[in-house]
Every structure is written in structure tokens, then in C-alpha cells.
Protein chains: 2
Amino acid sequence: MRREAILRAATAVFATRGYNSASLVEIAEEAGMTHSGVIHHFGSKEQLLVAVLAYRDDADVVSLEDHTAPKGAAFLEHLVRTAEQNTRRAGIVQGYTVLSAESVTEGHPAQGYFRDRFAGLRIMLVDALRVVTEGELPDEVLDRTASAIIATMDGLQVQWLLDPEAVDMPTSLRLTIEGALRELEARRAGLRGGTAVTR
Amino acid sequence: MRREAILRAATAVFATRGYNSASLVEIAEEAGMTHSGVIHHFGSKEQLLVAVLAYRDDADVVSLEDHTAPKGAAFLEHLVRTAEQNTRRAGIVQGYTVLSAESVTEGHPAQGYFRDRFAGLRIMLVDALRVVTEGELPDEVLDRTASAIIATMDGLQVQWLLDPEAVDMPTSLRLTIEGALRELEARRAGLRGGTAVTR
DNA sequence: CCTACCGATCGGTAGG
DNA sequence: CCTACCGATCGGTAGG
């Protein structure tokens, strides 16, 4: 399918240049046609971005098919494994990093996509943390922890892309997750003992 | 000074649009002149970006003057306080988030600036963590922890800009820092006891 | 600093 | 007649 060649080319160009600076001409060249051909297939540059984001989600689903959504502590382990794999997928990491940050600019077409994506990730992580802490902590604490763990993954990618040898993404992520679990366990112990934990 | 009017206007436009999509015409209008006047003062769009980044660093130094660089645990507390202040400075947060992520794209003029900035931040944070852990842990562990804490701050900003009501930056950052300190303390205890920590 | 421009490139659309 | 494009060009805007 020509559509798939365009989606692959657009994924690469959006990753290297960002959405606003990417040109349909460059995407079209990489897909072996003119930019009019790209428009014929996707209608506009904006609709092409939407298709690229959906295409990437589909690809992720396919690669996760055999894992069938890990639960609880296994999900946290899955995040560290993903960070490890990401050190060999700089292109994908860059696409995610550039587009997610660019999406906070005025009127960016991927704003809704990333807002929903983060909301969904937080819910998945809260579920995993609730299992690990056996449901003894309020959802708010789990949600703040979920935000923080997702943030750590994303922030590490920026530092790593700028200076790959200075950053060890999986090691830093594991440190953060294990620290977060210790913090949550300490708060559980605090709840049970009835006294404040001093640290 | 007209230069300062241009710097303020450029800071705002780079923050809302990013560097590549920002136009000199828009910056000039906001500064009350033509885009040729902007070029007259700064030579090129790229040199204007460099001046904006230096200008922001100067402003930060001025605001930190009375604090004169907090050390050890006080520095960690300073990070949480900054996150708290940032919830009232969405413009500055957006500028930092957009430009730092955009800088990983091909040939971006702020690449060196952000690479050096992250390297400097990691060193400051390693110093603070070394004080807190009384120098008993290897620098590599402290450095991985430093990367992770900086990453948490940056990643939280993206989530917060997209959905301010769903994210509590200072609370999530404090959870991460306290978790990281627990993790480091556990590793110190492991070193002293001579036995491996199980979790 | 402005007016008056340049080479180039942007996303999108025309008829065929 | 359709699909999947093409070469050419539209009106505007970019940095300098």
C-alpha cells in the first residue's frame, strides 16, 4: 500500500523536524512521490499527523499482543524493559519526545491526542500501583506517583537524546520506581502504625 | 532599551510557537517595530534565540541572588519550591518545555545550550545528593538519581501544560525526591550491613 | 530603525 | 467511468 509508505516517511520526518517544521515535500520525496500524492491520500498535513499517531498506536498494540497487558508489578517491570529497548530506538524516542512537547504550543493538532494518552497512562499506572500496595493507599497518592513515573520516563528521553553517554535511562527509571515503591510502603506502614513517618 | 523589548517579545513568541515556527515578523510586531529592526539588533533569528536563552539565565540569577545557591537537602527543597512557583508561571514553563524538546531536532541552534544545561544541573544535584548521603555511595548511583529527578521535573511540566488540573507538580516531585532518598538510604544500609538489599 | 525588496519554500488545489 | 497520481501553479509568508 502507498499509504503505508507515506505513513513510514511521515513518521520519520515528523520525528526529525517536528510537525510544524516538517514539509509535505520532504515526506513525499521519502515516500517516492510528489507532495500532491500525499495530499491525495490524507487530505491535509494535519490529517496526516493524526494518521501517523494512530498508526504508531496500532504498531505498539501489535508488538504488545503476546504480552496481553501486564498487571501490577509486572507492568512496572515492563516500563523498565521498554526504557531498555528504547536505547536502541532513538528515532521512535525522538518522535515521541518532539511531538509531545510541541503539542503544548498554541493550536497544535496533537494536543488532544497527548492529553488523552497521558490520562490513559496515569490510569494504567494507578491500577498497577494499587495492586502492588494492596489497595491500602488513597488514589490521589497513587495518581501523583503515576504522574511522576511517567514524567521520569519522558524527561530521561530528552536528556538521553541530547547526551546518550551521560544518561542511563533504564537504570535511572528503575531507581525512581523502586524509590517510589519504598515511599508508598512507608506511607502504608504509617497508616497502619497510626503515627507519622519521620523518614 | 529596545533590545530588551525585543527579548521580552521573543521570549513570549518562542514559548508559544517554538523556535522554528516563530516568525521574526510576529516578534517585531509585539516589540513595536518591523522584522528588519529585530535583525538590525540581533543579526539573525538564531542569534536572537541565543540572546533569549542567556537573558533568561540572567533573570534566574538575579532572582536567586539572595539565596546564593542552596546546598545539600536545602537544594532539593529549593527544587520543590521552584515547581510550586512554576504553577504560576505557565509561560516560562512552556518556553522551557518547548525549546528543550525542540532542541533534539536536527541542527537545532539550542542543542549545545540544553546539553550543557542538563550536564550542569546533574552536577549540582549529584553534589547535593552526596552531602545528603554523607559521601558513602558511588558517584554513578548519585548521577543516575540526579538524571531521574531532573527528568521528573521536566516530564511533569509537559503533562501539566496539557492538563493542569490532572497534575500536581510539586506533590509529584516531592514524592519522587523522598522516594529517591529512601532508595539511596537503603543502599547505604546495604553497604554497611554487607548484605544485598532484596527489593 | 524603515521601505522595499530577494530567493526559497510553505500547504493546498487546479485541470487533465 | 474509477483510482492514483502528475506537473504546474495558486495566494501567502518565511528569513535575511
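Naming convention: chains lettered A, B, ... in sequence-line order (proteins, then strands); numbering from 1 in each chain. These numbers were taken from a predicted model, which means no experiment stands behind them.
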Selected nucleotide, minimal atom distance to [X] side chain, candidates [options]:
X: B:Met33; options: C:dC2, D:dC6, D:dG15; value: C:dC2
X: B:Ser36; options: D:dA8, C:dC10, C:dT3; value: C:dT3
X: A:His40; options: C:dC1, D:dA4, D:dG16; value: D:dA4

Whole angstrom value for the distance that separates [atom2] of [N] from [atom1] of [X]:
X: A:Lys45; N: D:dG12; atom1: NZ; atom2: P; value: 19 Å
X: B:Glu26; N: D:dG12; atom1: CD; atom2: C1'; value: 16 Å
X: B:Gln47; N: D:dG15; atom1: CD; atom2: P; value: 15 Å
X: B:Ile27; N: D:dG16; atom1: CD1; atom2: P; value: 11 Å
X: A:Tyr19; N: C:dC10; atom1: OH; atom2: P; value: 14 Å
X: A:Arg3; N: D:dT3; atom1: CZ; atom2: P; value: 14 Å
X: A:Arg17; N: C:dT9; atom1: CZ; atom2: C1'; value: 13 Å
X: B:Ile39; N: C:dT3; atom1: CD1; atom2: C1'; value: 15 Å

B:Glu185 and B:Arg188 ion-paired at < 4.0 Å
yes
Check this for me, if you would: do B:Arg187 and B:Glu183 make a salt bridge, where the nitrogen-to-carboxylate-oxygen distance has to be below 4.0 angstrom?
yes
Any side-chain N or O of [X] less than 4.0 Å from the OP1 or OP2 oxygen of [N]?
X: A:Thr34; N: D:dC6; result: yes
X: A:His35; N: C:dG12; result: no
X: A:His41; N: D:dC5; result: yes
X: A:Arg2; N: D:dA4; result: no

Determine whether a donor-acceptor pair (N or O, by modelled atom type, separation under 3.5 Å) exists between the side chain of [X] and the backbone of [Y].
X: A:Glu26; Y: A:Val13; answer: no
X: B:Lys45; Y: B:Tyr19; answer: yes
X: A:Thr87; Y: A:Ala83; answer: no

Please report the shortest heavy-atom distance between [X] and [Y], naming the atom on each side.
X: A:Glu46; Y: A:Pro109; answer: CG-CB, 3.4 Å
X: B:Thr105; Y: A:Arg17; answer: CG2-C, 4.1 Å
X: B:Val98; Y: B:Gly18; answer: CG1-CA, 3.5 Å

Could you provide the dot-bracket string of DNA chain D, using ( ) for intrastrand pairs, [ ] for crossing pairs and | for bases paired to another strand, with Watson-Crick or G-U pairs below 3.5 Å?
.....|.|.|....||
Looking across every strand, which nucleic acid part, if any, lies under 4.0 Å from A:Ala28 by heavy atom: base, sugar-phosphate, or nothing?
nothing
Across the strands shown, which category fits B:Leu24 at heavy-atom distances under 4.0 angstrom: base, sugar-phosphate, nothing?
sugar-phosphate
C1' atom, C:dT9 versus D:dG11: distance in rounded Å?
13 Å
Note: for B:Gly32 and A:Val25 on DNA chain C, the residue whose nearest nucleotide lies more 5' is B:Gly32
